[in-house]
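This report concerns only the one structure given below.
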Amino acid sequence: MTIVDLPEGGGRTGRLRTLVGALVGMGHRVAIWNEHGMNLASVQQVSGELGGAQFEYVLGTTERSHGFKAIRLKFRAVARILDRVRAAVQAGQLDVVLFNNLAFYDIYPLTRLARRHGLSTIQCYEDERLEVIAPERFGLAQRVFAWNSWAADRWCSPLADQIWVISSYLQQKYARLSGHPECVRVVPTIVDCQAWSLPPEPHNPLPVLLYSGGFGEQD
């Protein structure tokens with residue numbers, strides 16, 4: 001379960017692609033159910049393939065709303081996914097549910113349904129939540145979403161069977177919040193080292209470091 005611009009765009013698609021590709025490569029069958037896109041409508045497709053898995057926007061559209069209008073869309077998407085989970089369980093096609101950087105309004109009801117049917121759940125996080133760090137920057141609607149992030153960290157992390165994170169910082173954070181440090185694991189981004197191979201480095205007494213990433217508050 002995720003909220004990203006698929007097949008490529010905003011919302012952590014790189015992390016999702018490598019994770020899904022690794023699971024598919026190990027022989028697992030993976031389906032990606034996307035609640036809605038983020039912002040880049042020009043790169044979105046209603047359905048398609050990503051990393052060897054099929055993805056689909058569960059509402060059948062890539063259009064989205066903003067502000068308080070987005071709340072109705074979000075709950076419609078969660079209701080649709082709940083129906084899909086029930087149908088997949090009945091057909092014997094679902095064993096594990098993975099939440100890709102989601103919040104309280106979707107993690108909580110889906111986790112309760114998964115537990116009812118004996119399914120394992122994994123919560124996956126790859127950065128700090130911007131809404132929690134700088135709430136003073138946002139209006140009322142954004143603060144409602146910030147509460148969703150805060151509530152998920154406090155009340156949903158203890159419900160996970162596993163929590164996968166990208167850094168030791170997040171490992172410490174969710175070990176503390178979940179109360180189950182043995183269930184929190186660092187799963188780093190998978191890199192094809194051959195694709196990035198270079199000739200030997202020249203001798204340089206001063207180390208040269210490259211940081212490739214964003215410089216937002218959550219980083």
Notebook entry, point to check: Step by step, would you call Ile166 with Val187 a side-chain contact (heavy atoms from CB on, under 4.5 Å)?
Noted result: CA-CA 6 Å; Ile166 199 172; Val187 180; over 6 Å; no
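- Ionic pairing of Arg76 and Glu35 is not present here: no N-O contact between side-chain nitrogen and carboxylate oxygen is shorter than 4.0 angstrom.
- Using a 4.5 Å heavy-atom cutoff, the side chains of Leu98 and Leu19 are in contact.
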Next item on the list: Evaluate the criterion side-chain contact (heavy atoms from CB on, under 4.5 Å) for residue pair Val4 and Leu16; output intermediate values, then yes/no.
Entry: CA-CA 9 Å; Val4 292; Leu16 184 65; 4.0 Å; yes
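- Aromatic rings of Trp164 and Tyr125 (six-membered ring for Trp) have centroids beyond the 6.0 Å cut-off, not under it.
- In this structure, Lys173 pairs ionically with Glu128, as a charged nitrogen and a carboxylate oxygen lie closer than 4.0 Å.
- A distance-only check finds no donor-acceptor pair linking the side chain of Asn100 to the backbone of Met1 [under 3.5 Å].
- Between Lys74 atom NZ and Leu59 atom CG the span is 11.0 Å, to the nearest 0.5 Å.
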Margin query: Would Leu170 and Ile163 count as a side-chain contact (heavy atoms from CB on, under 4.5 Å) here? Give the steps.
Written below: CA-CA 10 Å; Leu170 291 176; Ile163 299 178; over 6 Å; no
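- A donor-acceptor pair under 3.5 Å is formed between the side chain of Tyr57 and the backbone N or O of Leu6.
- Ion pair Asp83/Arg86 flagged as a salt bridge, since at least one NZ, NE, NH1 or NH2 atom sits closer than 4.0 Å to an Asp/Glu carboxylate oxygen.
- Considering only heavy atoms from C-beta on, Ser167 stays 4.5 Å or farther from Val186 through its side chain.
- The shortest side-chain heavy-atom distance between Ile122 and Phe99 does not fall under the 4.5 Å cut-off.
- Atoms OH and OH, on Tyr169 and Tyr174 in that order, are 8.5 Å from each other to the nearest 0.5 Å.
- Looking only at distances, no side-chain donor or acceptor of Asp153 sits under 3.5 Å from a matching main-chain atom of Leu177.
- Taking the side chain as every heavy atom from C-beta outward, Gln162 and Ser120 never approach each other to under 4.5 Å.
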